[in-house]
Q: 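This is the structure, below, for whatever I ask next.
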Amino acid sequence: MSTQSSRLAARVMVAPSVVLLFIWMAVPLAMTLYYSFRLYRLLSPDRTGWVGFTNYLWFFNSPDFWLALWNTLALVGGVLVITVVLGILIALLIDQPVKGQGMLRILVIAPFFVMPPVAASIWENLFMHPQNGLFAAIARGFGAQPILFLEEYPLLSVIGIVSWEWLPFAALILLTSLQSLSSEQLEAAEMDGASALSRLRYIILPHMTRAITVVILIQTIFLLGIFGEIFTTTQGGPGSASTTLPYMIFKQAIAAKDIGRAAAGGIIAVILANIVAYFLMRGIGRHLDA
Amino acid sequence: MGKITLKHVNKSFGEVAVIPDINLTIEDGEFVVFVGPSGCGKSTLLRLIAGLEDVTAGQIDIDGLDATYLPPAKRGLAMVFQSYALYPHMTVRKNIAFPLKMAGLSEEEQEKKVQNAARILNLTNYLDRRPGQLSGGQRQRVAIGRAIVREPAAFLFDEPLSNLDAALRVSMRQEITELHQTLKTTMIYVTHDQVEAMTMADKIVVLNAGNIEQVGSPLELYHRPANLFVAGFIGSPKMNLVQGAVAAAQGADTIGVRPEHLDIVESGSWHGVVGLTEHLGSDTFLKVVLDTGDTITVRADGEVGLRHGDRISLAPRPDRIHRFGADGKALA
């Protein structure tokens, strides 16, 4: 039973944290918005003033921007496809009863605990390195030329590294969903004459839809901001071949020391994230209900 | 056709022999109930017949053909699970049509058979709903519908009524019995409830610890239990089992008398004090503590005036006394 006064008391008591959270969120956003319309370069701090949309226009007129936008979406999309598809397969595999199942699951989850720069360094130096890397050794073993991953396929290499990091997350969430599927449903389908492939398509995948949706939504949030892996490996290069929107903002803020432009880039990134979120929720958000 | 024969079937999970050795013939069109206490292997036996578990040794014939190593789908059997196992993301129509779709039937044929099944089971108005929007009894009927569209050689029911409330259980029991009379297909029904077994079965198979204790019609088991286990399991309230001098006088190790075969008389052979009385209206069940120390149940008339503490005298009907030997088997 909630009375008028207890409801009021509840609101009063929640109010401080709501206010704090609002400030926490609104102040940085407002400051970014403010700077994005200002001329604010750290190399010439005495020259300031309102510049209207100049900072934004610089982005839209920069050829790198559209490439970075495409790279950002390709990175998010590529990693999502790889982690969801492989995640389902790995979840199906480690759901099978095998000896040492606990150990196996820990091993599968392990990459998630490796910090992004460390993961990127490991991949760059131990796997993709043209002289010392494992892939180069394999290629030479077959008498082929080592592939120069970071030079020739920079974006694909970054997608590969990030996928490796996020695959455990996807596999873990999908595994828990798989475990909640009642075995009687699978047995019923088996008796109904469904082959293993039909069972996957008509019973298992529909059952996992919600988990897949959760994986896609959570990963999208984090993947839009991927920075450490690019910074550690390709530095956005060669040229701008692997520059994403966050990396471009970083270059404006730290390399060019132009805070105004970086702030404009930040606002563009926020708008991009909202557009992506809108389409995601419209496309797959309905799976979260019921 | 649906004649199922089990020959020396046994099943072990690792070291544990769940079913040591079973021979059983189920005739075409029979309604057979496997009944027994929890953990007696009745569900395992059903799953062996369904093909969901592999037999450790032995042979299962369906219609004279060896089906021991056939996959479940090829055996021509349909199963109704305890949890119904409906596909929650599909509508009722798609649930019922699923086995037909898997069999590769055309859309029109699927629809025709679904409509037919829905008509039999009164589901026509619910075809576009999802299982989550149905009541327990309706879900049960959808599960049965999914089974009957396949026109199987036999239906397998694994405790299908245990998730329903008491009133619904009685009506579903009748529906399944009627369905059997309409379809005349072999049905194998697993339950731990001996009332379900007695009311539905043509033939009851009483199982205990993986062994068949007795096979027979409900009344056969009731009137001529082959051993103590069946005597105690079939019938409600339970048969009174008395050992000691009273039994020895009859030349047996244990004698059994059903509560309804004890008469309250002026001077009978058994004397005791009335303990608990349960008034059901039509009958009254009396717990009587005999002078020998045994507690027995007596069914008396609904109007009986006896109360706690009253002394009474009982006479078992001589022709209704079941005599059992020291090995638990009935004596002739």
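Quick note on labels: first sequence line is chain A, next is B, and so on, each numbered from 1. This structure is a prediction, so every number in the text was calculated from the model and none was measured.
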Q: In terms of heavy-atom proximity below 4.5 Å to chain A, should B:K101 be classed as side chain, backbone, both, or neither?
A: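 For B:K101, the side chain is the part near chain A, not the backbone.
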Q: If you count every heavy atom of other residues, nucleotides or ligands that lies below 6.0 Å from A:L197 atom CG, does the total exceed 12?
A: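 Open: at most 12 neighbouring heavy atoms sit under 6.0 Å from CG of A:L197.
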Q: Any salt bridge linking B:R93 with B:E111? Criterion: basic side-chain nitrogen under 4.0 Å from a carboxylate oxygen.
A: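 A salt bridge is present here (some side-chain N lies under 4.0 Å from a carboxylate O).
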Q: I need the residue from B:H89, B:R75, B:Q82, B:K74 with the largest number of non-hydrogen atom pairs under 4.5 Å to chain A.
A: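 When all of B:H89, B:R75, B:Q82, B:K74 are compared, B:H89 has the most.
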Q: What part of B:A50 gets within 4.5 angstrom of chain A, counting heavy atoms only: side chain, backbone, both, or neither?
A: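 Both parts, heavy atoms under 4.5 Å.
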Q: Should B:R47 and A:E187 count as an ion pair when the cut-off is N to O under 4.0 Å?
A: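 Looking at A:E187 together with B:R47, the answer is yes, because their closest N to O distance falls below 4.0 Å.
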Q: Could you check B:E30 against B:K3 for salt bridge (charged side-chain N to carboxylate O under 4.0 Å, His left out), going step by step and ending with a plain yes or no?
A: CA-CA 9 Å; B:E30 254 184 340; B:K3 182 181 172 173; over 6 Å; no
Q: Under 4.5 Å heavy-atom distance to chain A, tell me which part of B:L77 shows up: side chain, backbone, both or neither.
A: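 Both backbone and side chain.
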